[in-house]
Amino acid sequence: MKAAVYYVNGGPEVFRFESVDDPVCGPDDVVIDIQAISLEGGDLINREIRPLARVPHIVGYQCAGVVSEVGAHVRNRQVGQRVVAVLAWGSHAERVAAPAADTWVVPDALDLMAAAAIPVAWGTAHECLFHTGGLQAGQTVLVHAGAGALGLAAIQLASAAGATVYATASSDERLSRLTPFGMSAGINYAADDFVARVKTLTGGRGVDLIVDSIAGTTLVRGVEALAYGGRIVTVGVSGRDTTRLDPVSLWRGNQSVHGVYFPTRLDHEHDRVHAVVDALIRRVADGELKVVIDQTFPLDQAQIAHAYVQSRKAFGRVMMTP
């Protein structure tokens with residue numbers, strides 16, 4: 001089969017489009033003929049700095065397609081089913097062997113391209129807002145990087161739950177596109193101080209919850225934008241800023257910072273998290289929630305696709321197809 005592989009960590013230029021061995025189906029696995037690949041933020045971090053699982057390495061932890069082989073121990077999946085999968089690695093290819101337990105059947109009404117973008121982004125957003133963040137109807141939430149896939153998911157979920165949603169983005173044009181998804185007010189972080197704007201929007205109180213995928217200075221300053229007893233959920237380091245949070249800054253306001261990492265949530269709380277994602281897939285299939293796809297690239301253009309994600313120009317998720 002063909003795959004986008006690399007031999008060393010580095011920028012998008014490390015990708016090579018080559019022939020590699022077909023995946024072997026383990027007893028608890030299914031082999032998926034991939035039709036849609038979701039480019040996740042973690043794929044970029046893995047390519048840049050994480051040790052390679054093998055050489056050459058196939059990065060990528062989310063894709064959707066059709067089951068072509070079922071392992072001997074698998075009873076709830078069958079050849080021909082359309083599924084979306086979360087993987088340790090291997091999505092940037094024509095086929096992949098995935099743990100059957102970490103797949104979800106895609107409803108007939110849902111396009112595989114949209115399905116491929118759901119589990120990690122939407123599952124993470126749900127965990128940040130509700131299981132970890134404790135968001136309730138009537139509360140306020142600030143979603144950083146609202147125009148990204150995680151941001152768009154968090155805005156829709158929080159709005160549907162009855163929260164007041166504020167979001168940041170890099171331009172007024174991008175913010176204007178977020179309003180239909182449930183954003184109450186937007187903050188152009190390139191032009192305005194987001195802490196000052198939050199205080200103005202909330203009458204000086206601050207927000208109950210912040211979902212932060214940027215970290216660094218944004219995380220440090222986020223404490224100033226919290227209400228008394230407010231929470232920050234940190235879920236990414238897209239800002240590549242190494243500024244560290246001083247925990248003393250949380251004391252006076254009795255505030256808290258929590259971390260969420262979806263893959264280990266799925267590992268340690270599998271049945272609960274799997275059910276959450278299954279419900280989200282069905283809500284998207286029913287039209288209640290919308291997956292936004294910015295662009296789709298062929299797999300042999302993995303270099304270009306990864307570079308485009310790094311440019312931060314995308315509105316929603318970037319996809320690839322074999």
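Not measured: the values here are computed from a predicted model. The analysis underlying the following values was restricted to heavy atoms, covering all of them including side chains, and did not include hydrogens, waters or symmetry mates.
Between the R231 side chain and the L226 main chain, no donor and acceptor come within less than 3.5 Å of each other. Counting only distance, with no hydrogens or angles, the side chain of T202 and the backbone of V198 share a donor-acceptor pair below 3.5 Å. Judged purely by atom type and a 3.5 angstrom limit, Q139 uses its side chain to pair as donor or acceptor with the backbone of Q136. The backbone N or O of A64 lies less than 3.5 Å from no partner atom in the side chain of Q35, so there is not a single donor-acceptor pair. A side-chain donor-acceptor contact under 3.5 Å links D241 to the backbone of T217. Side chain of W104 to backbone of H274: a donor-acceptor contact under 3.5 angstrom is found. Judged by distance alone, the side chain of Q303 and the main-chain N or O of F15 form a donor-acceptor pair under 3.5 Å.
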Show, in sequence, the C-alpha distance, side-chain angles and deciding distance for F262 and V277, and conclude whether the side-chain contact (heavy atoms from CB on, under 4.5 Å) test is met.
CA-CA 11 Å; F262 181 82; V277 172; 3.8 Å; yes
Is there a side-chain contact (heavy atoms from CB on, under 4.5 Å) between F17 and L299 once you walk through the steps?
CA-CA 8 Å; F17 191 62; L299 181 58; 3.9 Å; yes
I would like to know whether Q310 and L44 meet side-chain contact (heavy atoms from CB on, under 4.5 Å); could you show each step before the answer?
CA-CA 8 Å; Q310 287 185 193; L44 276 64; 3.2 Å; yes
Test side chain to side chain donor-acceptor pair (under 3.5 Å) on S68 and R95; report intermediate values, then the result.
CA-CA 9 Å; S68 59; R95 286 179 289 281; over 6 Å; no
Evaluate the criterion side-chain contact (heavy atoms from CB on, under 4.5 Å) for residue pair V74 and D29; output intermediate values, then yes/no.
CA-CA 7 Å; V74 178; D29 296 339; 6.0 Å; no
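Heavy-atom neighbours of K199 NZ from other residues, nucleotides or ligands within 6.0 Å: above the threshold of 12. Annotation for R205: atom CZ counts as buried by contact number, over 12 foreign heavy atoms lying within 6.0 Å. Taking a 6.0 Å sphere around CG of D246, one finds it holds more than 12 heavy atoms contributed by other residues, nucleotides or ligands. When the shell of 6.0 Å around CZ of R282 is examined, it contains 12 or fewer heavy atoms from other residues, nucleotides or ligands. Heavy atoms of other residues, nucleotides or ligands lying less than 6.0 angstrom from CG of N254 number more than 12.
The shortest heavy-atom contact between R16 and E13 is NH1-O, 2.8 Å. Between Y61 and S91, the shortest heavy-atom distance links the atoms N-OG, 3.7 Å. The two residues M113 and M319 make their nearest non-hydrogen contact at O-CE, 3.3 Å. Residues A116 and Q62 share a closest heavy-atom pair of O-NE2, 2.6 Å. Taking each heavy atom of L52 and V8 in turn, the nearest pair found is CD2-N, 4.1 Å. Residues A163 and V141 share a closest heavy-atom pair of CB-CG1, 4.4 Å.
Criterion: ILVMFWY side-chain heavy atoms under 4.5 Å apart, direct or through other members. Under it, M320 and V66 are not part of a common hydrophobic cluster. Under a hydrophobic clustering in which Ile, Leu, Val, Met, Phe, Trp and Tyr are joined whenever their side-chain heavy atoms come within less than 4.5 Å, directly or via other members, V96 and V31 fall into different clusters. When the side chains of ILVMFWY residues are joined at heavy-atom separations under 4.5 Å, either directly or via intervening members, L142 and I155 end up in two distinct hydrophobic clusters. Cluster membership for M183 and Y166, using ILVMFWY side-chain heavy atoms within less than 4.5 angstrom, is not shared. At a threshold of 4.5 Å between side-chain heavy atoms, the hydrophobic network of Ile, Leu, Val, Met, Phe, Trp and Tyr places I118 and L112 in one connected group.
When side chains are defined from C-beta on, V105 counts as touching R77, because their heavy atoms get closer than 4.5 Å. I45 has its side chain within reach of V237: a pair of non-hydrogen atoms, C-beta onward, lies under 4.5 Å apart. No side-chain heavy atom of R50 sits less than 4.5 Å from a side-chain heavy atom of W89. Within the 4.5 Å cutoff, the side chain of M1 has heavy atoms near those of the I58 side chain. With contacts defined as side-chain heavy-atom distances shorter than 4.5 Å, the pair Y7/V5 qualifies. Side-chain contact check for L39 versus F297: every heavy-atom pair is 4.5 Å or farther apart. A 4.5 Å side-chain heavy-atom check between F130 and V276 finds every atom pair outside the cut-off.
The CD1 atom of I49 lies 8.0 Å from the CG atom of N9; values are rounded to the nearest 0.5 Å. Atom CZ of R265 sits about 8.0 Å away from atom SG of C128, to the nearest 0.5 Å. To the nearest 0.5 Å, the span separating CG on L289 from CG on L157 amounts to 5.5 Å. Summarising the geometry, atom CG belonging to L209 is positioned 9.0 Å from atom NE2 belonging to H258; distances are rounded to the nearest 0.5 Å. Taken to the nearest 0.5 Å, the CG atom of L280 stands 10.5 Å off from the CD atom of Q156. Once rounded to the nearest 0.5 Å, the distance linking CZ of R317 with CG of L150 reads 8.0 Å.
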When the side chains of residues 79-86 are checked against the rest of the protein, which donor-acceptor pairs come out under 3.5 Å, sequence neighbours left out?
{"from": "Q81", "atom 1": "OE1", "to": "Q78", "atom 2": "N", "distance (Å)": "3.0"}
{"from": "R82", "atom 1": "NH1", "to": "L110", "atom 2": "O", "distance (Å)": "3.3"}
{"from": "R82", "atom 1": "NH2", "to": "P107", "atom 2": "O", "distance (Å)": "2.6"}
{"from": "R82", "atom 1": "NH2", "to": "L110", "atom 2": "O", "distance (Å)": "2.8"}

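Ring geometry, H306 versus H92: the interplanar angle exceeds 60°, so the pair is classed perpendicular (tilted spans 30 to 60°).
Side-chain N/O atoms of S170 and R312 include no donor and acceptor closer than 3.5 Å. The closest side-chain donor-acceptor pair between T140 and D208 falls under 3.5 angstrom. For the residue pair H144/T168, the side-chain donor-acceptor check at 3.5 Å is satisfied. No hydrogens or angles considered: a donor-acceptor pair under 3.5 Å links the side chains of D294 and Y308.
The pair D43-R47 does not count as a salt bridge, with every side-chain nitrogen at least 4.0 angstrom from each carboxylate oxygen. Salt bridge D193/R221: present, at least one basic N to carboxylate O contact under 4.0 Å.
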